[in-house]
Amino acid sequence: MASFLEGIRKIETKWQKRWDEKKIFVGKVDHSKPKYFVTVPYPYASGTLHIGHCRTYNLGDLFTRYKRQRGFNVMWPMAYHITGTPVLSVSAKIKEKDEKEWKKYRDYVSIYESDEKKVEEIVGSFVEPMNVAMYFSGKLMEDFKRMGFSIDDTREFTTGDPEYNKFIEWQYKILNEKGYITKGEYPILWCTNCKNAVGEDDIYAGDETKVEVSEFVGIKFKLKNKNTFLVAATFRPETIFGATNVWINPENKYCEIKIDDENWIVSSEAVSKLKNQHHKIEITREFKGRELFDQEVEVPLTGVVIPIYPATFVDTDHATGVVYSVPGHAPYDYAALVDLQKNEELIKKYSLDESKLKSIIPISLIKLDGYGEFPAVEIYEKMGVQSQEDIEKLEKATQTIYKEEFYSGVMKSNTGEFNSLKVEEAKVAVAKKLKELNLASNVYEVSTKAKCRCGGKIIAAVIEDQYFLNYGNKKWKELAFKALNNMKIVPEKYRQAFENVFNWLDKRPCVRKRGLGTEFPITKGKGWIIESLSDSVIYMAFYTIIKTIKESKIKPEQLKPILFDHIFLSNHDVETVSKETSISVDTINAMKSEFEYWYPNDLRHTAIAHISNHLSFTIFHHVAIFQEKYWPQMFSLNEMLNREGEKMGKSKGNVIPIAKIPEKYSVDLTRLHLASIATQESVVDWREVEVNHSKEKLRKFWEFAIMVEKSEKIDPQSYSFISKIVLASVKRNMKLAIDAMERFNPRDYILSGFFDNIRELENYLKLSSNSNEKEVQSVIKETVENMIILMAPVIPHICEEIYERYGNTGFVSLQKIEDIILTEEDTQLALQLKFLTNLMKDIEQVMKLVKSEPKKMIIYIAPQWKNELYKLAKDSFAEEAFNIGKIMSLVKNHETLNKYMKNIADEAKLMMKDPTIFRISMLTPDEQLNAIQGYIKIINKKYPEITVETYISDTKDVFDPQNKARKARPMKPAILLL
RNA sequence: GCGGGGAUUGCCGAGCGGUCAAAGGCGCUGGACUUAGGAUCCAGUCCUUAGUGGUUCGAGAGUUCGAAUCUCUCUCCCCGCACCA
């Protein structure tokens with residue numbers, strides 16, 4: 001068993017070497033053939049790929065190889081993505097001696113290196129980000145080749161190459177000229193220590209807790225008789241109508257600040273946050289919260305004057321550290337109010353006006369079904385909250401009330417113009433109104449307190465000069481939809497997802513201050529880098545010219561915008577471009593013609609995860625930059641892969657790296673199994689026991705091929721009936737396979753073209769065991785010869801080997817898969833096989849049921865008039881319901897059927913019961929008889945003790961002792977065992 | 001929450017208006033071959049029966065001559081939700 005796979009592995013490396021030597025997968029312009037340009041997104045070069053990624057690239061290769069064998073001039077190039085933050089983060093962690101990261105990278109590198117010292121050395125070199133990128137990009141190509149992928153490796157580049165940077169600069173120059181880039185403010189996560197934006201990678205334990213920026217509405221409560229505002233941050237501005245007082249943490253520090261020409265009071269911690277949120281701030285004075293308790297504030301919009309009270313639940317390190325109290329609808333507020341009202345000590349300590357405090361009662365402003373006036377009070381009592389320190393219960397209560405009020409609450413009449421609005425709407429409307437009146441402004445805060453890997457505190461900061469790709473631009477969106485509507489999406493069901501993404505897409509930040517990448521050309525020198533998802537959307541075009549750039553030794557600085565304008569947009573005349581760039585006219589023409597030959601991208605295949613970003617951006621950027629004829633033509637997508645029912649993950653230790661596939665399974669086996677186990681749109685489960693099955697079938701195929709290696713084929717004219725029907729079935733399977741692949745369904749391609757045909761051969765071997773040996777071998781050889789061409793896209797190595805052993809030169813990978821046209825005879829033979837298969841099933845069934853040991857089998861074929869009756873019924877009741885009255889009257893006027901009125905009445909009852917029985921393809925009684933006679937040897941072989949007689953029911957001398965013959969139906973003979 | 005996809009016979013997984021009791025695989029049960037077999041081969045695997053019957057495709061309702069397939073409602077599961085590749 002092992003030896004089979006060992007043999008296959010040798011074959012695999014043998015052919016990979018030959019493909020490489022003969023460079024058969026290098027894309028060359030050839031105007032005599034239709035071209036087909038395939039891409040699969042380049043992998044990110046920060047680690048190795050595993051069998052899950054392999055599924056995607058495997059499908060890409062399948063499509064590529066198939067199209068190549070269908071007569072297209074195909075190109076599938078590959079490059080490596082290194083821009084962005086992950087590579088940086090790897091290096092940072094390696095530098096920090098992060099044990100987990102070291103282990104992870106030792107594991108990665110150990111896949112390729114056996115020497116432990118060398119592994120250490122290589123991982124150590126990863127302190128330099130480029131070393132990470134360079135090491136893995138090299139390994140990725142090795143892996144791809146080892147999987148037999150038919151990639152054109154002469155067009156490799158990385159997204160960090162200076163040539164690529166020039167191309168991306170040009171892309172952004174065009175986008176800017178078209179007005180698709182806008183500038184504005186943007187809140188982000190920011191580390192106060194390293195003074196930098198942070199991403200998930202930079203946050204301590206960022207992969208476990210999700211940290212986001214939350215947008216609060218900071219509502220300004222004017223201090224009575226002063227020109228200073230106490231700014232309370234809230235998610236629920238609509239509750240302003242229920243404010244009864246303001247909460248302040250009594251012992252923590254607050255500051256009075258001058259902020260953008262206003263005076264605010266916020267917590268001391270809030271000041272440093274606001275400084276990073278695009279405000280000009282000066283601290284006027286600093287004091288303890290308790291100093292505010294002798295003052296009062298005005299509630300915006302209502303003008304009501306309310307007091308300021310102490311509450312310990314107020315966290316001064318959260319938003320502004322000021323909270324306004326809505327005890328009717330906020331459980332925390334109610335809890336704090338109750339606490340304070342009964343706390344004589346505190347009242348005395350802060351010299352609060354006791355009668356005023358005790359007179360405070362909740363205000364109801366939202367109507368919520370299932371609750372009374374004050375939902376917060378109800379839930380407080382129901383949950384048995386003890387105090388404002390009872391955080392667990394209060395959190396839950398707040399969540400519940402917030403959610404219910406948000407979705408089902410309606411504003412009451414005491415909310416003025418917002419009366420009877422849904423809370424969901426009122427929330428937005430109130431915030432808008434407050435901002436218009438300059439009574440509120442946005443305050444940003446992190447959703448969860450977090451620390452940067454450097455140890456610094458993470459806050460929400462507002463970036464001023466943030467540039468965005470304005471996907472919300474109406475014209476841009478329209479063009480994108482136009483492109484999408486003309487594209488083929490496979491599986492088609494994902495089109496809807498694209499449409500939703502398109503509608504939802506709006507401004508997207510496209511530059512950042514960190515990470516590897518291309519400097520943003522509009523703000524040269526200011527350290528803005530183009531964000532890495534935004535720099536990888538039109539690079540398919542770059543594949544068409546990078547080869548010439550390298551071969552002609554063009555320097556990056558020669559790659560001026562004018563050159564790209566000329567190649568991609570046909571602007572400027574070539575002489576001018578040549579003069580400006582010092583690149584020869586011939587070279588420029590060569591680049592331009594490569595682009596014009598290969599573009600557009602005919603097929604881009606990838607995983608569905610990319611729909612909401614990469615693939616959508618690809619469409620947007622293409623329509624923004626290129627002429628319509630260069631827009632993407634088709635996307636095909638696949639789901640992910642699990643292993644033994646579980647997601648693969650480093651922590652589970654169940655990852656199969658691509659590099660381990662050849663030795664663990666074999667390349668062809670993996671390719672076959674990956675593509676056939678499920679359709680693209682389902683999550684596949686990689687299970688060892690099932691891989692084993694694919695292995696056995698692969699072996700079977702190999703054995704068939706080798707069995708007839710030296711055999712000669714004989715004249716097909718002399719083939720027996722059995723051979724003919726088997727070959728007709730094989731042919732039909734091949735046709736089904738090709739039809740499936742034309743619909744980009746590789747699974748059905750393999751099921752019909754490989755597994756079904758192997759079954760056909762196994763069956764044939766059984767049926768033909770006493771036939772002419774030469775004939776049998778000839779039939780098998782003919783089938784295998786067809787199969788190796790058809791299956792070469794899936795299991796190319798084995799197919800090449802067999803192709804060679806059968807005396808061919810050249811590569812089966814370049815053999816054309818021809819169209820298959822089924823002739824009348826093929827259809828007839830296939831129908832006969834179907835007829836016989838069903839008959840055998842019926843016989844088996846009856847044989848099982850019969851109690852005695854039969855000596856004789858009589859098969860009664862239905863008479864011709866029944867065929868005619870079925871045909872009449874099929875034609876007459878294609879659309880309408882079967883109807884006995886109608887069929888009888890049709891029969892009455894029928895020149896042949898009218899003789900059988902009585903019998904037909906019985907038959908019609910059957911047809912009434914099951915209208916499907918007459919919707920079949922039929923053979924005439926004589927054809928059925930011939931088929932049975934051609935098959936009689938098989939029946940005899942299976943039941944050697946039984947003699948078989950066959951009759952057409954209405955002929956003379958029918959032996960019918962049990963009156964069975966009348967039960968025969970077209971294609972369904974009656975059977976009698978005696 | 002929003003958006004998308006899904007639920008098929010013990011399990012995985014096809015089918016997407018009529019040869020559908022529903023491919024194929026796995027598992028299981030018999031049998032053959034064997035020193036042995038976790039290898040291979042054969043047969044069986046909803047119930048019933050000398051066959052061409054009955055009940056099934058998450059639950060319920062509907063459309064149709066006909067529904068696993070179309071529509072609606074419900075329940076449950078998976079995936080995506082922006083500065084992250």
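Every chain is numbered from 1, with letters handed out A, B, ... down the list of sequences.
The side chain of A:Ile975 lies closest to B:G51 when the candidates are B:C26, B:C84, B:G51. Among the nucleotides B:A50, B:C79, B:C84, the one closest to the side chain of A:Val846 is B:A50. Relative to the side chain of A:Leu976, the nucleotides B:A50, B:A85, B:G80 differ in distance, and B:A50 lies closest. When the nucleotides B:A14, B:U19, B:C84 are ranked by their closest atom to the side chain of A:Asn838, B:U19 comes out on top. When the nucleotides B:C65, B:C41, B:U40 are ranked by their closest atom to the side chain of A:Glu696, B:U40 comes out on top. Closest approach to the A:Arg919 side chain among B:G13, B:G18, B:A85 is made by B:G18 (side chain taken as heavy atoms from C-beta onward). Side-chain atoms of A:His693 lie closest to B:G25 of the nucleotides B:A85, B:G25, B:A50. Comparing B:A82, B:A85, B:U52 by their closest approach to the side chain of A:His81 singles out B:A85. Checked against B:U52, B:A85, B:G25, the side chain of A:Lys972 finds its nearest nucleotide in B:U52. For A:Asp842, the side-chain atoms get nearest to B:G51 when compared with the rest of B:G51, B:U19, B:A85.
The partner of B:C2 is B:G80, judged by Watson-Crick or G-U wobble contacts that both fall below 3.5 Å. Base pairing of B:A85 is not made with any nucleotide, judged by Watson-Crick or G-U wobble geometry with both donor-acceptor distances under 3.5 Å. If you check B:C41 for Watson-Crick or wobble pairing at under 3.5 angstrom, you find it paired to B:G31. The nucleotide B:G60 finds its pairing partner in B:C72, both defining distances of the Watson-Crick or G-U wobble pair being shorter than 3.5 Å. When both pairing distances are held under 3.5 Å, B:A50 makes no Watson-Crick or G-U pair with any nucleotide shown.
Inspection of the A:Ser676 and A:Arg747 side chains reveals no N or O donor paired with an N or O acceptor under 3.5 Å. One side chain, A:Thr159 or A:Thr83, offers a donor N or O that lies under 3.5 Å from an acceptor on the other. If you check the side chains of A:Asp748 and A:Asn745, you find a donor sitting under 3.5 Å from an acceptor. Checked by atom type, the side-chain pair A:Asn638/A:Thr56 shows a donor-acceptor distance below 3.5 Å. Side-chain polar atoms of A:Tyr471 and A:His621 form a donor-acceptor pair below 3.5 angstrom.
Taking the P atoms as reference points, B:C41 lies 37 Å from B:A59, given to the whole Å. The gap from the C1' atom of B:A21 to that of B:C57 amounts to 10 Å, rounded to the nearest Å. Rounded to a whole angstrom, the distance from the P atom of B:C16 to that of B:C65 is 23 Å. Rounded to whole Å, the separation between the C1' atoms of B:G24 and B:G15 comes to 12 Å. B:A68 and B:C81 have their C1' atoms separated by 33 Å, with the value rounded to a whole Å. For the C1' atoms, the distance from B:C76 to B:C84 is 31 Å, rounded to whole Å. Nucleotides B:G25 and B:G13 place their C1' atoms 8 Å apart, quoted to the nearest Å. With C1' as the reference atom, B:U71 and B:U63 are 7 Å apart, rounded to whole Å.
Listed by chain and number, the residues in a ring-ring contact (aromatic ring centres under 6.0 Å, His included) with A:Tyr44 are A:His81 (sequence neighbours excluded). With sequence neighbours left out, the salt bridge (Lys or Arg N to Asp or Glu O under 4.0 Å) criterion links A:Arg643 to A:Glu688.
Within the 4.0 Å cut-off from OP1 or OP2 of B:G25, not a single side-chain nitrogen or oxygen of A:Arg747 is found. OP1 and OP2 of B:G13 both lie 4.0 Å or more from every side-chain N or O belonging to A:Ser682. Here A:Thr679 reaches the OP1 or OP2 of B:A14: one of its side-chain N or O atoms lies under 4.0 Å away. In this structure, A:Lys695 does not reach the B:G25 phosphate: none of its side-chain N or O atoms is under 4.0 Å from OP1 or OP2. Checking the phosphate oxygens (OP1, OP2) of B:A85, a side-chain nitrogen or oxygen of A:Thr85 falls inside 4.0 Å.
Among the atoms of the strands shown, none is found under 4.0 Å from any heavy atom of A:Ile608. Residue-level contact check: A:Pro43 touches neither bases nor backbone, having no heavy atom under 4.0 Å from any strand. No engagement by A:Asp748 is indicated, since no non-hydrogen atom pair under 4.0 Å with the nucleic acid exists. As judged by a 4.0 angstrom heavy-atom cut-off over every strand, A:Asp756 is placed among residues making no nucleic acid contact. As judged by a 4.0 angstrom heavy-atom cut-off over every strand, A:Ala974 is placed among the base-contacting residues. Nucleic acid contact class of A:Val501 (heavy atoms, under 4.0 Å, all strands): none.
Each of A:Lys513, A:Arg514, A:Arg512, A:Arg508 was compared with A:Glu531 under the salt bridge (charged side-chain N to carboxylate O under 4.0 Å, His left out) criterion, and only A:Arg508 meets it.
The CG-P distance, from A:Leu698 to B:G24, rounds to 20 Å in whole Å. Rounded to an integer number of Å, the gap from A:Glu760 CD to B:A23 C1' is 14 Å. For A:Glu703 and B:C41, the CD to C1' distance is 13 Å, given to the nearest whole Å. Spacing between atom CG of A:Leu88 and atom C1' of B:A85 amounts to 13 Å, rounded to whole angstrom units. As a whole-Å value, the separation of A:Asn642 CG from B:C26 C1' is 17 Å.
In terms of position along RNA chain B, the nucleotide closest to A:Lys697 lies nearer the 5' end than the nucleotide closest to the other residue of the pair A:Lys697 and A:Tyr471. Comparing A:Glu844 and A:Met971 by the nucleotide of RNA chain B that holds the closest heavy atom to each, the one mapping nearer the 5' end is A:Met971.
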Evaluation steps, salt bridge (charged side-chain N to carboxylate O under 4.0 Å, His left out), between A:Asp739 and A:Arg743: CA-CA 7 Å; A:Asp739 290 349; A:Arg743 296 191 307 268; 5.7 Å; no
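No N or O donor and acceptor, one from the side chain of A:Asn500 and one from the base of B:G4, sit under 3.5 Å apart.
Geometric assessment of A:Lys886 against the ring of A:Phe877 yields a positive cation-pi assignment under the 6.0 Å and 45° thresholds. In this structure, A:Arg699 is positioned above the aromatic face of A:Phe4, its NZ or CZ under 6.0 Å from the six-membered ring centre and within 45° of the axis.
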Pairwise N/O distances under 3.5 Å, protein to nucleotides 6-11 of chain B:
none

